[in-house]
Amino acid sequence: MLVLVINCGSSSVKYNLIETSEERDVCKGMVERIGAVTSIVKHEPDGKKHTKDTRVISNHSEALQEIMNYLLSPENDIISSPSDIKAVGHRVVHGGEMFKDSVLIDDDVTEAIEQAFDLAPLHNPPNLKGIQAAKENLPKVPHVAVFDTAFHHSLPAHAYLYGIPNRLYRRYKIRRYGFHGTSHYYVSRQYYKIIDKPVKETKVITCHLGNGGSIAAIDGGKSVDTSMGFTPLSGLVMGTRSGDIDPSILFYIVEKEELTLNSLHALLNRHSGLLGLSGYASDMRDLIAEAKNGDRRCQQAIDVFCYKIKQYIGSYIASMNGCDAIIFTAGIGENSPLIRKKSLEKMGYLGIEVDDERNENAEHGKIQKISTDDSKTEVYIIPTNEELVIAIDTAKIAQATKQSPWL
Ligand code: AMP
């Protein structure tokens, strides 16, 4: 089934047109800087010429029109009619406590996504804009919401409750939700395909290390703990997000620097993490290059980043009472031998031994083992594919509903 996957940010729309029967990207692309003087439009059809242009695109609806025009243009030879697209899958960051699975989007679902605006003010509003824009452009097909939080719905109460008055959970649903669920789900499923053990008996730790980063403990196929929490701000040190800090620091800096709540929010979300620590960059490649040139703060940023990963891995081995495999994925996890090695060094006590040669020579884009053959815990690189999970879930739900006249 041909499914269009949409992932909307506040000023961007990413898309993938996926043929689910072949698990293949027919075309993918992105409209960036929506609403700026000029927007950037990229299209990457499979096996054909990729393009990058500038245009004036003032809102998400125009971005969707631009994408549809490109896909439908006879010159590009991708689809010949909107009816070739059988369903649309939308990435929605926060599903609150309500959604433990992907769902067909109806008025109730739209309202629930809106109700979660408070919980994810940076993500859910643009996600909903994307849904509305896609529905305007493709009104006759089923639209499905796939939530970043859904996979972590299985967290037990002892992992999702915070040590604050319980009435705050009951009244405002303040609890750990966890994010990157589709990625943790996908890479763990890829791992189950290559092993000879019933999923029920497996214990896995998945490390999604990209611009945002999170780690999940997956016991018997279910997420039992994860490093992001109420919002995607907690857990690991990220590109520009602080990750875990002592909450008292917030009172202290608000007083010392006379910050408003908005500037505190910006400080922790946009000026902290690797960028804040290094004072140089949020991009790991830049930090590694500068650290090699002897920059002490860039080196420290890398050290803190890896130390935090090591701590989470250790704590999840303790909470699951063991671990069969540690999986690295996303931009940094898939591409940086240095970060993988440093995050796992001196963990022989826990049965983790990285094979330096395998780690250094790992091929881009492939599933591969990078632990030694004697390592008690295996270590893998498994490339993530969140869009494919969204497309497959969408196809399943669209098939089940038979809502589309073209199915
Ligand atoms: P993502 O959010 O998954 O696209 O990941 C983005 C992050 O991956 C950025 O910090 C990049 O610097 C990092 N990254 C990509 N390639 C490499 C590489 N070869 N070595 C280190 N970091 C990388």
Side-chain angles (χ1 to χ4, degrees), residues 5 7-16 25 28-30 32 40 42 44 91 93 122-123 148 179-187 190 206-216 226-228 232-233 235-243 269-293 295 297-306 308-309 327-344 354 356 358-368 370 380-390:
V5 173
N7 180 357
C8 279
S10 56
S11 62
S12 66
V13 177
K14 276 192 207 160
Y15 76 93
N16 294 61
D25 269 330
K28 62 182 177 179
M30 188 171 190
E32 287 170 282
I40 300 167
K42 291 183 212 160
E44 300 182 355
R91 178 187 183 206
V93 167
L122 299 180
H123 297 102
D148 259 29
F179 300 86
H180 293 140
T182 43
S183 179
H184 292 295
Y185 170 85
Y186 178 78
V187 297
Q190 294 299 101
T206 48
C207 307
H208 177 109
L209 309 177
N211 241 329
S214 69
I215 301 198
T226 188
S227 59
M228 281 179 168
L233 181 56
L236 302 176
V237 167
M238 294 169 244
T240 61
R241 284 174 251 168
S242 64
N269 278 286
R270 295 210 294 273
H271 307 294
S272 294
L274 294 172
L275 176 65
L277 277 165
S278 67
Y280 178 70
S282 62
D283 191 293
M284 187 53 89
R285 281 166 296 201
D286 297 340
L287 292 177
I288 292 173
E290 242 357 66
K292 271 196 192 132
N293 288 337
D295 187 294
R297 286 208 289 158
C298 289
Q299 184 58 56
Q300 275 176 348
I302 295 170
D303 295 346
V304 176
F305 182 85
C306 295
K308 203 74 205 163
I309 296 168
I327 296 166
F328 284 94
T329 195
I332 301 172
E334 289 170 35
N335 296 305
S336 177
L338 175 86
I339 300 299
R340 293 190 297 259
K341 181 178 161 73
K342 215 172 151 43
S343 305
L344 295 181
V354 171
D356 287 342
R358 286 178 184 169
N359 183 38
E360 283 294 333
N361 299 327
E363 245 181 278
H364 177 75
K366 286 203 173 146
I367 298 180
Q368 52 219 295
I370 57 161
Y380 284 91
I381 302 167
I382 301 188
T384 193
N385 193 342
E386 294 163 273
E387 294 76 18
L388 183 61
V389 176
I390 297 176

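Ligands are counted one by one from 1 in listed order, and the atoms in each one are counted from 1 as well. Position 1 is the first residue of the sequence, and the numbers go up from there.
Within 4.0 Å of atom 4 (O) of ligand 1, not a single protein heavy atom is present.
When the heavy-atom distances from atom 22 (N) of ligand 1 to Arg340, Met284, Glu386 are ranked, the shortest goes to Met284.
Two residues are said to be in side-chain contact when any heavy atoms from C-beta on lie closer than 4.5 Å; Met284 and Ile339 meet this criterion. For the pair Asn269 and Thr240, the minimum side-chain heavy-atom distance is 4.5 Å or more. The closest side-chain heavy-atom distance from His123 to Pro232 is below 4.5 Å. Using a 4.5 Å heavy-atom threshold, the side chains of Met30 and Ser12 count as touching. Within the 4.5 Å cutoff, the side chain of Thr206 has no heavy atoms near those of the Ile215 side chain. For the pair Lys342/Ile302, a side-chain contact is recorded, criterion being any heavy-atom separation below 4.5 Å from C-beta on.
With respect to atom 6 (C) of ligand 1, the closest heavy atom belonging to the protein is Asn211 N, 3.7 Å. Scanning the protein heavy atoms around atom 7 (C) of ligand 1, the nearest turns out to be Ile332 CG1, 3.7 Å. Ranking the protein heavy atoms by distance from atom 23 (C) of ligand 1 puts Arg285 CG, 3.6 Å first. Nearest to atom 21 (C) of ligand 1 among the protein's heavy atoms is Ser336 CB, 3.5 Å. Of the protein's non-hydrogen atoms, Gly331 O, 3.7 Å is the one closest to atom 14 (N) of ligand 1. Among all protein heavy atoms, the one lying closest to atom 12 (O) of ligand 1 is Asp283 OD1, 2.4 Å.
Those atoms of ligand 1 that come under 4.0 Å of a heavy atom in Gly210, given as number and element, are 1 (P), 2 (O), 3 (O), 5 (O). The contact set between ligand 1 and Ala330, taken as ligand atoms under 4.0 Å from a residue heavy atom, comprises 3 (O).
Between the side chains of Glu334 and Thr329, at least one donor N or O lies within less than 3.5 Å of an accepting N or O.
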